[in-house]
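In this text the structure is predicted, and so the values were computed from the model without any measurement.
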Amino acid sequence: MRLDLTPYRRSTIGFDRLFDMLETNARGAGSENYPPFNLERLAEDRYRITLAVAGFSRDEIEITAQQNLLLVTGRKDEKAQANAAFLHLGIANRSFERRFELADFVFVEDARLNDGLLVIDLVREVPEAMKPKSIAIKTGAPLAAVETAPVDEAKAA
């Protein structure tokens, strides 16, 4: 399925990132789902990603946080596996790359590997300047307008 968002791009302003994300997800919809993961909402501004990374050590996993993107990669040494004489290989120990789109002001708070599960805790911290403010309403006459110096029309021309 091909998703064409061109008509919407022409008639909207400032939604480029949203359309890019939709197109990327549509392209990757049929892609591999390894490693499996859970997304969990712990509180209003707290989230958790849990990835099943059995067989990976801490040194083989890398987590990179960029603006609005969390990238988790796992690199296995292919040569070490090639030398092993497996009778059955049922545990997927292949390299992976998993991308998570993050909302604005979402940051990685903690990442831990325990019992084959990589747990990444995220927190949303909206800066004070971006939070809604309640404005007190006063009574009385409005403040006097600030007088400006008269403009010299000869200098302005």
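Geometric assessment of Arg98 against the ring of Phe37 yields a negative cation-pi assignment under the 6.0 Å and 45° thresholds.
Residues that satisfy the side-chain contact (heavy atoms from CB on, under 4.5 Å) test with Pro127, not counting sequence neighbours, are Phe105, Met130. Not counting sequence neighbours, Arg41 has no partner by the side chain to side chain donor-acceptor pair (under 3.5 Å) test. Residues meeting the salt bridge (charged side-chain N to carboxylate O under 4.0 Å, His left out) test with Asp115, sequence neighbours left out: none. Taking Tyr47 as the reference, nothing meets the ring pair (Phe, Tyr, Trp, His ring centres under 6.0 Å) condition, with sequence neighbours excluded. The side chain to side chain donor-acceptor pair (under 3.5 Å) check on Glu109 picks up Arg46, with sequence neighbours excluded. With sequence neighbours excluded, the residues that form a side-chain contact (heavy atoms from CB on, under 4.5 Å) with Ala52 are Pro36, Leu117. Scored by the side chain to side chain donor-acceptor pair (under 3.5 Å) test, Arg99 finds Glu97 as partners (sequence neighbours excluded). Scored by the salt bridge (charged side-chain N to carboxylate O under 4.0 Å, His left out) test, Glu44 finds no partners at all (sequence neighbours excluded). Every residue two or more places apart in sequence or in another chain that forms a side-chain contact (heavy atoms from CB on, under 4.5 Å) with Glu128 is listed here: Lys131.
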What pairs of donor and acceptor atoms, side-chain ones from residues 133-143 against any protein atom, are under 3.5 angstrom apart with sequence neighbours left out?
none

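Counting only residues at least two apart or on different chains, the salt bridge (Lys or Arg N to Asp or Glu O under 4.0 Å) pairs with a member in residues 48-62 are Arg48-Asp121, Glu60-Lys76.
Side chains of Thr64 and Thr73 form no contact here, defined as non-hydrogen atoms less than 4.5 Å apart.
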